[in-house]
Amino acid sequence: MSVQNILECNGLRKAFGDLVAVGGVGFHISEGETYGLLGPNGAGKTTTISMIAGLLERDRGEVFVDGMPMTTRSVRAKKAIGYVPQELAVYPDLTARENLRFFARLYGMQATDVKRRAEEVLEIIGLGDRAGSRVKEYSGGMKRRLNIGIGLLHRPRLLILDEPTVGVDPQSRNAILESVEELAGAGMAVLYTTHYMEEAERLCDRVGIIDLGQLMAEGTRRELVSLVGERDRVALAASGNLEAAARAMASLESVHEACPGGESIHLLVDQARNLLPRILEEAAKAGASVNGVEVTEPNLEAVFLHLTGKALRD
Amino acid sequence: MRAALLISVKDLRQRLRDRSAILVAIVVPLALAYIFSLVLSGVTGGSMTFTYAVVDRDNGPLAHTFTGVVLKEIERQGLIEVRREDSVETARALAASGEIDAAFIIPEGFSGGVQAGGPAMLEVIGNIDAAIGTQVARSLAESFVAELTAVRVGVASVFLAGGADEGETAALAARAAAVPNPVLLEDVSAASRELDPDTFYAAGMAVFFLFFTVQFGVSSLLEERNEGTLSRLVAAPISRSAILGGKLLTSFLLGAVSMTVLILATMLLMGALWGNPLGVGLLVAAGVMAAVGIMGVVATFARNAEQAGQWQSVIAVVLGLLGGTFFPVSQAGGVIEKLSLLTPHSWFLRGLGDLAGGVGPAGVLPATGAMLAFAAVTGGIALIRLRKLTEL
Ligand SMILES: Nc1ncnc2c1ncn2[C@@H]1O[C@H](COP(=O)(O)OP(=O)(O)OP(=O)(O)O)[C@@H](O)[C@H]1O
Ligand SMILES: [Mg+2]
């Protein structure tokens, strides 16, 4: 193995009664790598993460964190993980500083280090000037940032973030994404779950697409997109002789498909941006007038649609 | 251990931020104890408020027995206050002004007269406005005199045979000193066997509210579960026992601290007499553990902290009433008295009563043992059930 795997998990399975929430999920994350679990609500992301972090007893499978086996009782393996739960998990009656110091001590940091590190993290999450206020007086975004900060405190080998941007304003969201990028840049392994395709595309070196407790596909963005073919979708809102227009377009090179609809034509093409002028030209020649154009380049959303037959967000 | 302590310190810090916690733990029990003792002590008769004066114009051995033994003992129990006055006029004026409730006048030649076989006469001067206080004083005087009269025959024969010598007078004095007082002793027992009303209400309210105060520690586990912070504790590199230990420690510390504050406050503010500190310490420690255990078990049956709080409160009130923290159940007798033995409250009050009765710290061991048994049984069940609650 050239690069040390910080996380390795295989065959993870968890059922709640008859419901198999996670049925045989496995992947690995190496040092400095950001791995995204992308999937819709109820896909099994949180359940998977809970087994990895030693919160939840698993039915089957194995987890190694930094080479150490993880169970719900593994004190040493847990120390290597920074865990940021999906739901806010902070003490509202305490200040941000008190929250941070408490968890720093709980992770076994030395007294002097506790104070210094708490201040450092306050700076990272941008709460330095409000550190002495009780958390219940914070805005939602501030609470979210504190929620993340607690996970960073003890400089974990593996940082696990469970949908950290849900319910966050765009500005805070951007700040969170930037911090994650920085941390990964500094060599931390990151496991990031989300149902936002854009976040997965922006942050993650590799993405696992999860649905109904199964890992449907895994790879870099490029690898995943190649599953659907790197073709762009073009939707023309048009009127007139759509049949003829579609036929003319289909005869163009690098147009793979052209289907006329009631008031639209759908095309599957290579390099839509370059081809668009010629497509419009053909439409005009065939006697159709185009009122609107929508180009969709292949992305993880499309991959998801391709793999599961449904949209990521419904 | 370190982790348990960290969690406990965090819990306490959270708890102290909450004003209502301090209200329940200290302010309310203190206020109630004070109000009860103020209002109810007048009804039950035993009272700190009875102040008596004694004018001893006899200065004989029987007079000394009355003032030095009978009155002194009752004063020691905190039920009356006695001051000496030199003249009957002063005493009369004090009673009239209401500064004292009544005055005992021991007439000149009282001891000699009784020893010579004459009638025993104690005079009581009362304040009309202090009817109860005067009544109590009269009963005290009457019962002392009645006792003297009852034993006089035997003593008189001794006097006739060999004249009054020191030893025989002392024997007479000793028997008279054993005078039971019909008013005071009955009414004191109405409060609790040996506790004076102030101490009874202080102790009753303290132990009653103790069961509310300790709720927080264990319920906070439910709260952390609902709030999601428990997942953080479980994700941290600490054992589940540390989490549970921290919660139990929180409850114990809250209970112990609030009891200590209440004991000191009722001593200073109400003149409550808790008794031997070591004995009280044993009772408090065992009582707090029992409270933690019982409230812990109750909490494990609840779905969330709110529900736990409701159930715990119901149990705390029922046990408190049954345990005689508001009304002495010892008088009810029969089933209720037997049932009260199933509450740590009654054992706590019983232990304090024993202490007041002068048994010394070792004498509270039965009561302490009973409470520890409650603690062990309920605490054991609570631990087993609570462990499940730490599983997500
Ligand atoms: N404790 C539980 N008891 C019963 N069912 C559960 C439990 N936890 C999760 N599930 C079920 O398991 C499935 C996966 O849930 P999970 O929380 O892992 O999804 P998720 O991908 O994290 O979804 P989301 O994006 O909404 O957070 C869901 O159907 C959920 O209802
Ligand atoms: Mg989730």
Side-chain angles (χ1 to χ4, degrees), chain A residues 14 16 46-47 49-57 65 68 70-95 98-109 111 114 134-136 143 146-147 150-151 153-154 156 158-160 162, chain B residues 1-25 216-217 219-247 249-250 254 304-306 309 386-392:
Chain A
K14 179 74 189 178
F16 298 105
T46 299
T47 307
I49 275 185
S50 299
M51 288 188 278
I52 291 171
L55 297 170
L56 195 63
E57 213 77 63
V65 179
M68 296 172 280
M70 171 66 90
T71 69
T72 52
R73 279 172 293 280
S74 316
V75 169
R76 244 160 45 88
K78 283 182 181 178
K79 204 164 184 168
I81 291 186
Y83 168 63
V84 178
Q86 179 170 4
E87 306 296 335
L88 281 179
V90 294
Y91 296 106
D93 296 325
L94 302 183
T95 67
E98 286 167 341
N99 268 286
L100 289 170
R101 287 186 181 176
F102 168 65
F103 283 107
R105 291 192 188 101
L106 211 56
Y107 274 85
M109 290 173 71
V114 165
R134 294 202 204 165
V135 172
K136 63 176 162 208
K143 287 180 194 160
L146 176 60
N147 198 39
I150 293 170
L153 271 170
H154 62 291
L158 171 66
L159 178 65
I160 300 180
D162 197 356
Chain B
M1 193 57 219
R2 177 177 180 270
L5 207 60
L6 283 171
I7 291 173
S8 188
V9 168
K10 185 271 298 171
D11 282 350
L12 291 175
R13 175 173 280 164
Q14 266 179 298
R15 196 58 181 154
L16 292 180
R17 295 258 156 98
D18 182 359
R19 293 257 161 70
S20 69
I22 297 166
L23 225 56
V24 168
F216 173 76
S219 307
S220 73
L221 186 64
L222 289 167
E223 200 173 307
E224 296 222 29
R225 199 182 155 85
N226 295 339
E227 298 269 313
T229 43
L230 181 62
S231 68
R232 275 227 144 97
L233 297 184
V234 175
I238 59 173
S239 69
R240 303 210 175 200
S241 308
I243 301 175
L244 287 184
K247 295 302 177 188
L249 187 62
T250 301
L254 280 172
N304 52 46
E306 222 165 78
L386 282 174
R387 189 164 280 275
K388 284 228 177 71
L389 278 181
T390 64
E391 281 161 23
L392 298 172

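A note on names: the letters A, B, ... follow the listed sequences, proteins ahead of strands, and every chain is numbered from 1. What you are looking at is a predicted structure, and each value in this text was computed from that prediction instead of being measured.
Heavy-atom distances place both the backbone and the side chain of B:I7 under 4.5 Å from chain A. Looking at B:E224, only its side chain comes within 4.5 Å of chain A, counting heavy atoms on both sides. Looking at A:I160, there are no atoms closer than 4.5 Å to chain B (heavy atoms on both sides), in backbone or side chain. Looking at A:Y83, both its backbone and its side chain come within 4.5 Å of chain B, counting heavy atoms on both sides. Heavy atoms closer than 4.5 Å to chain B are found nowhere in A:Q86, neither backbone nor side chain. Looking at A:R105, both its backbone and its side chain come within 4.5 Å of chain B, counting heavy atoms on both sides. Heavy-atom distances place no part of A:R101 under 4.5 Å from chain B, backbone and side chain included.
At distances below 3.5 Å, not a single donor-acceptor pair connects side-chain atoms of A:K14 with backbone N or O atoms of A:M51. Side-chain N or O atoms of A:H154 include one that pairs as donor or acceptor with a backbone N or O of A:K79 at under 3.5 Å.
Atom OG of B:S239 is separated from atom CG of B:L244 by 8.5 Å, given to the nearest 0.5 angstrom. For the atom pair B:L249 CG and B:L12 CG, the distance stands at 7.5 Å (nearest 0.5 Å).
Annotation: maximal heavy-atom pairing with chain B below 4.5 Å, among A:T72, A:N147, A:L56, occurs at A:N147. Considering only heavy-atom pairs separated by less than 4.5 Å from chain B, the leading option among A:P85, A:A77, A:G54 is A:P85. When B:S231, B:A3, B:G228 are compared by the number of non-hydrogen pairs under 4.5 Å with chain A, B:S231 comes out ahead. Of the residues considered (B:E391, B:Q14, B:K10), B:K10 shows the highest number of contacts with chain A, using heavy-atom pairs under 4.5 Å.
The closest side-chain donor-acceptor pair between A:S74 and A:T71 falls under 3.5 angstrom.
Within 6.0 Å of atom CD in B:E306, 12 or fewer heavy atoms from other residues, nucleotides or ligands are found, so the atom counts as exposed in its surroundings. Summarising the local packing, CZ of B:R13 is surrounded by 12 or fewer heavy atoms from other residues, nucleotides or ligands at distances under 6.0 Å.
Ring orientation note: the planes of A:F103 and A:Y91 are close to parallel, at an angle under 30° on the 30°/60° scale.
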